[in-house]
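Heads up: the structure comes next, in structure tokens.
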Amino acid sequence: MQNNLPLRRKAYCGTMNFMMLLCTGITVALTFFLIIYIAVESIPHFSVKILTTKPSYLDDSIGVLPDILNTIYIIITTLVFVLPLGIGAAIYLTEYAKSKKLVGMIEYAIESLAGIPSIIYGLTGMLIFCQFFSLKTSLLSGALTLVIMNLPTIIRTVQESLKTVPQGYREGAFGLGAGKWHMIRTVVLPCCIDGIVTGCILATGRMIGESAALLFTAGFAHALNGFFDALTHSGATLTVALYVYAKEQGEFEVAFVIAAILLVLSFITNMSASYVGRRFQKSKG
Amino acid sequence: MAKVFQVKDFNLYYGDHRALIDINMDIDENAITALIGPSGCGKSTFIKTLNRMNDLIPSVRTTGSILYRNEEILDKNLDVTSLRRQVGMVFQKPNPFPMSIYDNIAYGPRTHGIKSKAKLDEIVEKSLIDAAIFDEVKDRLKTSALGLSGGQQQRLCIARALAVKPDVLLMDEPTSALDPISTSKIEDLVLELKQKYSIIIVTHNMQQAVRISDTTAFFLLGDLIEYGKTDQIFNTPKDKRTEDYISGRFG
Amino acid sequence: MAKVFQVKDFNLYYGDHRALIDINMDIDENAITALIGPSGCGKSTFIKTLNRMNDLIPSVRTTGSILYRNEEILDKNLDVTSLRRQVGMVFQKPNPFPMSIYDNIAYGPRTHGIKSKAKLDEIVEKSLIDAAIFDEVKDRLKTSALGLSGGQQQRLCIARALAVKPDVLLMDEPTSALDPISTSKIEDLVLELKQKYSIIIVTHNMQQAVRISDTTAFFLLGDLIEYGKTDQIFNTPKDKRTEDYISGRFG
Amino acid sequence: MLKKQGTGINVEQIAHMVFLFLGIINVGFVLVICIYLVIAGLPAIKEIGLVDFLFGTKWASTAANPQFGILPFILTSIYGTAGAIIIGLPLGFFTAVYLAKFAPRPVYKFVSPLIDLLAGIPSVVYGFIGMLVLVPGIQVIFNLPDGSSLLASILVLAIMILPSIIKVSITAIQAVPEEYELGSLALGATEIETYYKVMVPAAKSGIAAAVVLGVGRAIGEAMAVMMVAGNAPNMPSLFESVRFLTTAVASEMSYSSGLQRDALFSIALVLFVFIMLINATLNLVLKHRGKN
Amino acid sequence: EMTVSTDGSTSMEKVIGSLGEAFSNKYDDVTFTYNPTGSGSGITAAQEGRCDIGLSSRALKADEAKTLDGTTLALDGIVVVVNPANKVNDLSIDQISKIFKGEVTSWKDVGGADTPIVLIGREAGSGTRDGFETITNTKDSCKYRQELTSTGDVMTVVSKNENAIGYISLASMNDKVKGVTVEGVAATEPTIADGTYKIQRPFVLVTKKGAQLSEGAQKFIDFAFSEEAKPILIKAGVVPVAKK
Ligand SMILES: Nc1ncnc2c1ncn2[C@@H]1O[C@H](COP(=O)(O)OP(=O)(O)OP(=O)(O)O)[C@@H](O)[C@H]1O
Ligand SMILES: Nc1ncnc2c1ncn2[C@@H]1O[C@H](COP(=O)(O)OP(=O)(O)OP(=O)(O)O)[C@@H](O)[C@H]1O
Ligand SMILES: [Mg+2]
Ligand SMILES: [Mg+2]
Ligand SMILES: O=P([O-])([O-])[O-]
């Protein structure tokens, strides 16, 4: 009974094995290529100046500080709106909703929101926020568009973590005469704070990566503004700036710098999401 | 003896399934009432009705009447939070909140509006003492309750229930998840609590029912088959089915 | 009687934990061997060694020797697929694949290279007949196997194992997930299969061991305590611990 | 003693109402988006005529005699998506099976963050690299006058959907009960046979979901494609410059006026209908899976 | 705190960016924003009041002029550009027209290498495209291989592809690409100012007719036409025009 698999089976297993290794190899190689290519092209152009100035036509110089700030502003603004909305909706769905029909309808809506491509968000955001609510092309319009776009992410992650809260906690609180909202506030929410944080991080990642939805809603000015000023003005986030520099202006050096920044940000969000996720699982035993 | 609960022609349905059938039963004050019966006979369902925890299940429908100290508790407009405060509950699986021991006990009083630190301290200490766990945890009140052993957790849950100063204590198989030593500690505790509280306890353990209860109710498939003094039920059951059950012939 | 397995000084470790200790045991051909013992004693571990299913657990280490028809099966270079083909296995929980009944049975033969439709048809029919389930499913061979009842699924799994023409059949508590009627059908089946196959069966059910097995092995905490004719084990056990176990005093 | 609930509104009721509102508002968002798209998208279709719009093969929106046929965009979107799936699916699928079932623990631990990273990279970065590497590469390799083409777009899309295909497939494969694996191994099948003949078919609806998800992502992507497709409104052909539904909207929107602008909204409406159909398919697939 | 918002032409980016920057440097209390979206959308934005000043790289059309005022800020040459490796240096308007209509498809027919011509154009709605096609008489008949959304993009593509030809604003010109002379005339300030370089178009500031300009916007327009602004415009590569 030594190894004597028939040739046909050996060939099949060999082929499959080869395909798997090949495809995994391609995927890994691709990722490495991206990382190394961006690193090699961008590192020579990194400088304190490029990170801390705004572009100037008069001096013919380029800086990405406004884009970094705009990105931060838009993330903060979006989170301020999307968190209460998303967490609230998730709480309704998991803790309150009784009617199957209503839940089905809301979940269908959320699924639909998740599937809509960002260019369509961009257009409707432009129609609704820029025009209907006359917010003009501004970071605020962009942020509000991102709010709707990111609702599904937040709702889903919060729902997932709400579901991991043991039913016993709820029963225990009710058994002591707590009302539902009181119970949620004092027992359920503290338990799933990590899940909410994970949701925030994931959503932040999506916001950093978004471009098509912002092009028509937030525009692409590179003005250096304070937070509240910036909200009412047009401004490019890093991703939009990358598009504009690479595609519209042919300024590849700065585009590579932005690409590298985005890569690092993506890495950081992934790492922190999985770190929080792991902690979450640990605390749940 | 005064009655804490008076149950009249009570029926409970899960959707179309009638899980409790025409229950009539008066429950004594300051006594321990044991509910026994094979799995699925409706013991948990019944006990949860007494503090309206069944409200959480959307499909539940009830008919009949249950008076708690002469007030109807099936009333739609009843303030369930205040009912649950007076009719506390301890669950089969110990379910301390993921907070410190102190906060677990203080949770109920805080919920009901007690803010004063001194007052809370006092309540926490008293409840822990009453639940016979104070000595074991007094040095680590601020540590997480999840670090306690199963038996300690269950006594903590009892302390938590006592902290809101209930009148009645419902216990759904409070020892079935515990080892024999923890079990006997809890049994001792229950016997002591009887002085101040009316206790209704579900158990699968015949011996336990005999050891601690004053009256026993035997349920079968949603029917209350026999209800009476524990001595009588276990020594001279009137119903053939009760006899079969306690002598282990089915279940 | 010829021996299918000869187990010599066999030890199995999960990491540092020695789960089987110095097992010595010869297993008869065309007989039914029952393995009994309390939970965690190593029955499943032992039976899984006989077709090297333990290979899937990385921490497993073995010493000693197990001969299957005089070939060493603990050998690293052994072709496990061909061993597993000859030593088939049926699991505690019926596990038909999510395909049609026909494809479930044909899976093994196809894997081993049989392509001819006529040949496959014949094997499927024969296996289903042997597993005493043909009449119940013959009209719906193309429907999903997941639509069958638990008992039917288990017989389907037996049929699936028979379809690769094994020599030995290992069964790990094949009836513990089933109702009494399905159980007795499977027991009848096992008794019939004995004509053609050597069967090793793990069971928690003493009665079942008595009803169907020729020899019985009693395991305790990784030790093979007693091994002999089933009659003898159940009527005149030599070891005190065997006696205690079969008379229900522990386990 | 048990105080009855008054008719006044208490905190609990307010909380309930607030949460109900927060839940319902999602439905509101979807409705508003639909309504706006329909309102904005219908006039041009009415004016141009549905058939001329959907099946016209020439797009010349600013010509003296403008023509608004979007068949080239529709076909390009379909071909481009199909192409991305044809390349991305096998690549993702084999990688997923390897990672889910074969990869030694350290390999898995090393590769899966890479895949997360790939998933997190913004689409414009893909477009950017595509523009600098793929486009000139294609021009040289295929000896074309210009490398901006459907092929370049397909490759960029394939890489972009790769991580989501891998992740969803891994989840689907890992969700298959281990019993199937044991059952197959016990019949003498090798591990590879077991995975491809039993586990993968059992995971097929999950993998189908991955495909549909990939289709949704590919058909909706605008910026990355815009950077490599060349954007001429040609009928699709592998080595020609092409325009997708998304890029048609994105490239002309900011310059448009009048009927041209309305027609762009109509394109967005068409795209939206496509996406909704895909979502419905995904739902069906998932429901089907729920039943199994 | 005053704000001036401008919106429109991407080919005016350098001009308007420079002006805006100098303007903000001069007045600390104004915020100047420029949203490079394209001439068409800049005009619409001005019409809808979404910005203070619209920017157009073409003259207003008749129906647009009904509701809007257009003031020419400067003149811009549209340079026909090829890859620096291309041997062709001069083209006539007729040749350019034939090339873009696809009637001439190989560089060898206009004195270059035997390689296909790759036509790079701008997207519909672009002021540059409008100006170029009008002057070269190729309206609606260009056989573009690529339609790109900005001047920079055209330059990038032309600089990467030896076969390519495109057109861009003189203001954006740099040495990544080579400008060809048109009928012997190179695009420079003097040749544009005196009209000998044929392919040129105006850069226009668009405001709503009759509407009161905001204080900041008025200040900006005054600044743009001041002597102070002239060198800035020239540095940005366009030919200043006096306010009419
Ligand atoms: N949420 C529910 N929905 C529908 N039916 C239920 C629900 N909970 C319990 N039941 C049914 O009601 C009957 C009584 O259940 P109950 O949990 O009260 O039994 P029990 O006596 O407590 O059993 P055990 O000893 O196993 O805890 C059972 O038939 C059970 O299936
Ligand atoms: N994968 C594993 N890793 C480590 N230890 C294991 C593993 N599987 C089983 N064990 C241990 O080996 C011992 C024997 O387990 P085994 O499953 O063989 O018992 P069993 O007799 O089949 O019990 P049961 O009747 O419950 O099925 C137990 O102590 C168990 O904890
Ligand atoms: Mg119960
Ligand atoms: Mg076992
Ligand atoms: O961007 P334009 O100047 O060509 O409209």
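Lettering follows sequence order; numbering is per chain, from 1.
- Using a 4.5 Å heavy-atom threshold, the side chains of D:F94 and A:M16 count as touching.
- Minimum interatomic distance between A:C13 and D:E193 (heavy atoms only, all atoms of both residues): SG-CG, 4.2 Å.
- A distance of 12.0 Å separates CD1 of D:I192 from CE of A:M19, quoted to the nearest 0.5 Å.
- One finds the CZ atom of D:F29 at 9.0 Å from the CD1 atom of A:I128 (value rounded to the nearest 0.5 Å).
- Interface remark: of the candidates D:L162, D:L117, D:I166, D:L117 forms the most heavy-atom pairs closer than 4.5 Å to chain A.
- When side chains are defined from C-beta on, D:V124 does not count as touching A:I258, because their heavy atoms never get closer than 4.5 Å.
- With a threshold of 4.5 angstrom between heavy atoms, A:Y121 approaches chain D through side-chain atoms but not through N, CA, C or O.
- Taking CD1 of D:I121 as the start and CD1 of A:I38 as the end, the distance is 6.0 Å to the nearest 0.5 Å.
- A:N270 contributes a side-chain N or O that, together with a main-chain N or O of D:D116, makes up a donor-acceptor pair within less than 3.5 Å.
- With a 4.5 angstrom heavy-atom cutoff, A:F256 touches chain D via backbone and side-chain atoms both.
- D:K197 forms a cation-pi arrangement with A:Y12, by the criterion of a distance under 6.0 Å to the ring centre and an angle within 45° of the ring axis.
- D:E12 contributes a side-chain N or O that, together with a main-chain N or O of A:K180, makes up a donor-acceptor pair within less than 3.5 Å.
- With chain A as the partner, the residue from D:I278, D:L271, D:V97 showing the most heavy-atom pairs under 4.5 Å is D:L271.
- Heavy-atom distances place no part of D:A119 under 4.5 Å from chain A, backbone and side chain included.
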